[in-house]
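Heads up: the structure comes next, in structure tokens.
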2 protein chains.
Amino acid sequence: MSQAVEFPVNSLVFLTNRVGRLLANEIRKRTALDELGLSAQHMGILVDLWVKEGVRQQDLAVSNIKDKGTIARALQSLEAANIVVRIPDQEDKRNKLIYLTHRGRSLREELLPEAQQTVQEATEGIPEEDLAICKRVLSQIYQKFTCNHK
Amino acid sequence: MSQAVEFPVNSLVFLTNRVGRLLANEIRKRTALDELGLSAQHMGILVDLWVKEGVRQQDLAVSNIKDKGTIARALQSLEAANIVVRIPDQEDKRNKLIYLTHRGRSLREELLPEAQQTVQEATEGIPEEDLAICKRVLSQIYQKFTCNHK
DNA sequence: TTCAATTGGTTGCATTTGCAACGAGAACGC
DNA sequence: GCGTTCTCGTTGCAAATGCAACCAATTGAA
């Protein structure tokens, strides 16, 4: 019972959800995203592509936790902005494989430093050890779900 | 440099953002939210109200990390569904103070168990200690921002 | 081979969202 | 007092989102 009373604001859903949007907002405000004509949604896709290119739209949808239709439209605008290209897969003609352009790759160096700086300030005063544990826990949950779902 | 390379998927922004949406989605799928005519956005507001009633729409916007216009519209539909009431503040007529109805309070017992169950399964196998640290870290970040911002 | 079931991508639709402009009320200055 | 500035809530608008329906390509089974 006492656990139930404490639940909401101490729950992992509550905390991850709000801190996630908090940090994302902060980064959007402080980076040049707007001037580049990009939004936070685009950045989410870019992060995935910076890790691995040549993936299908469906893969991006799963890892981004967004609908495939949403991803399709976001990629349309990213392609129009010359940041990604969608190349039809010769082996399976249903697929389109997504690659970054030069511009897309260079955005990494333009955007990441400010993002890191934001996180840096947000986590100031928190022991490095605790942070590491926190990230490991979240990573475990994320991977459990994204692996199951594919 | 090696830190920069590792950044994206190991970053606190990335992890909180995705795990947050992941868990919220999972809960939405598994609770009776849809049948009640509610969405995840409504649940976010309800969580705040379960903790404290009689707050202004502006307060809800800050803690929910949403635009005040968004909150205004969400509260309109919640009021239409007889879940909250918006009472004009006599002391400062600009404000409307938000309270739960009986229905709104009873929703807590209907929705929380499934949410807890979802988190339970998502965190299965993760040491209780690590989870506690993770939550404490996130809570510190959340409170730092929401306090500063108001 | 041929037909059913599945999968990937696109599109229409209704809802949600942030931003900006607006109006009402309050606080502060003069 | 009176006007300026600020805050709170509302609304219009464009963008983002999930869902469902759709088409094309692949897979699997009869």
Side-chain angles (χ1 to χ4, degrees), chain A residues 17-18 20-22 24-29 33-46 54-81 84-98 149-150, chain B residues 17-18 20-22 24-29 33-46 54-81 84-98 149-150:
Chain A
N17 209 335
R18 305 225 169 167
R21 300 208 325 273
L22 201 59
N25 268 354
E26 208 63 23
I27 288 178
R28 187 176 49 74
K29 282 188 220 157
L33 269 184
D34 287 357
E35 294 115 48
L36 293 167
L38 302 177
S39 49
Q41 61 151 172
H42 295 129
M43 180 122 169
I45 295 177
L46 287 180
V55 296
R56 303 169 306 152
Q57 301 190 185
Q58 179 65 24
D59 299 327
L60 287 176
V62 170
S63 65
N64 255 277
I65 316 173
K66 297 245 166 93
D67 187 73
K68 56 183 181 173
T70 300
I71 296 293
R73 279 179 265 246
L75 287 174
Q76 281 173 19
S77 63
L78 282 176
E79 188 167 41
V84 308
V85 285
R86 292 183 290 178
I87 300 180
D89 184 354
Q90 295 305 327
E91 300 184 2
D92 185 339
K93 289 177 183 172
R94 290 172 301 181
N95 301 342
K96 295 187 179 178
L97 304 182
I98 314 300
H149 265 270
K150 183 66 239 311
Chain B
N17 209 333
R18 304 226 170 166
R21 300 209 322 276
L22 202 58
N25 268 354
E26 208 63 22
I27 288 178
R28 186 176 49 74
K29 282 188 220 156
L33 270 184
D34 286 358
E35 294 116 48
L36 293 169
L38 302 177
S39 49
Q41 61 151 168
H42 295 127
M43 179 122 171
I45 295 177
L46 286 181
V55 296
R56 304 169 307 153
Q57 300 191 185
Q58 179 66 24
D59 299 328
L60 287 175
V62 171
S63 64
N64 255 277
I65 316 173
K66 296 245 166 93
D67 187 74
K68 55 184 180 173
T70 301
I71 296 294
R73 279 179 264 246
L75 287 174
Q76 281 172 20
S77 63
L78 281 176
E79 189 168 42
V84 307
V85 285
R86 294 183 289 178
I87 300 181
D89 184 354
Q90 295 306 327
E91 301 184 1
D92 185 339
K93 289 178 182 171
R94 292 171 299 181
N95 301 341
K96 294 186 180 179
L97 305 182
I98 314 299
H149 265 271
K150 188 51 239 225

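Lettering of chains follows the sequences in order, A, B, ..., and the numbering in each one begins at 1. Source: prediction; values computed, not measured.
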At under 4.0 Å, does any side-chain N or O of [X] touch on OP1 or OP2 of [N]?
| X | N | value |
| --- | --- | --- |
| A:Gln57 | C:dT10 | yes |
| B:Arg86 | D:dT10 | yes |
| A:Arg28 | C:dC19 | yes |
| A:Ser39 | D:dA16 | yes |
| A:Thr70 | D:dA16 | no |
| A:Lys68 | C:dG9 | no |

TODO: With DNA chain C as reference, determine whether B:His42 or B:Arg94 sits nearer its 5' end, using the nearest nucleotide of each.
DONE: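 Upstream on the strand: B:His42.
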
Task: Nearest-nucleotide 5' precedence on DNA chain C, A:Gln76 against A:Asp92 - done: A:Asp92

TODO: Kindly indicate whether the side chain of A:Leu97, heavy atoms from C-beta on, has any atom under 4.5 Å from the side chain of A:Arg56.
DONE: yes

Open item on the list: Measuring from the side chain of B:Lys66 (C-beta onward, heavy atoms only), which nucleotide among D:dG9, C:dT17, C:dA24 has the closest atom?
Closed with: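 Closest nucleotide among those given: C:dT17.
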
Open item on the list: Check whether B:Gln41 reaches the backbone of B:Ala74 with its side chain - one donor and one acceptor, N or O, closer than 3.5 Å.
Closed with: no

Task: Partner of B:Leu78 under side-chain contact (heavy atoms from CB on, under 4.5 Å), chosen from B:Ile45, B:Val85, B:Ile98 - done: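 Answer after filtering B:Ile45, B:Val85, B:Ile98: B:Ile45.
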
Task: Upstream residue (5' side of DNA chain D) when B:Gly69 and A:Gly69 are each assigned their closest nucleotide - done: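 Between the two, 5'-proximity favours B:Gly69.
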
- [ ] With heavy atoms under 4.0 Å as the rule, sort B:Ile65 into base, sugar-phosphate or nothing.
- [x]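 Sugar-phosphate, no base atom in range.
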
Take atom [atom1] of [X] and atom [atom2] of [N], then tell me their distance rounded to the nearest Å.
| X | N | atom1 | atom2 | result |
| --- | --- | --- | --- | --- |
| A:Leu75 | C:dT10 | CG | P | 8 Å |
| A:Gln41 | C:dT16 | CD | P | 18 Å |
| A:Arg73 | D:dC19 | CZ | C1' | 10 Å |
| A:Lys93 | C:dT7 | NZ | P | 21 Å |
| A:Arg56 | C:dG8 | CZ | C1' | 7 Å |
| A:Asp67 | D:dA21 | CG | P | 14 Å |
| B:Leu60 | D:dC8 | CG | C1' | 13 Å |
| A:Asn95 | C:dT7 | CG | C1' | 9 Å |

TODO: Taking all non-hydrogen atoms of both residues into account, name the closest pair between B:Ile71 and B:Lys66 and its distance.
DONE: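 Minimum heavy-atom separation between B:Ile71 and B:Lys66: CD1-CB, 4.0 Å.
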
Open item on the list: If you compare all heavy atoms of B:Ala61 against all heavy atoms of B:Lys68, which two are closest, and at what distance to 0.1 Å?
Closed with: CB-CA, 3.9 Å

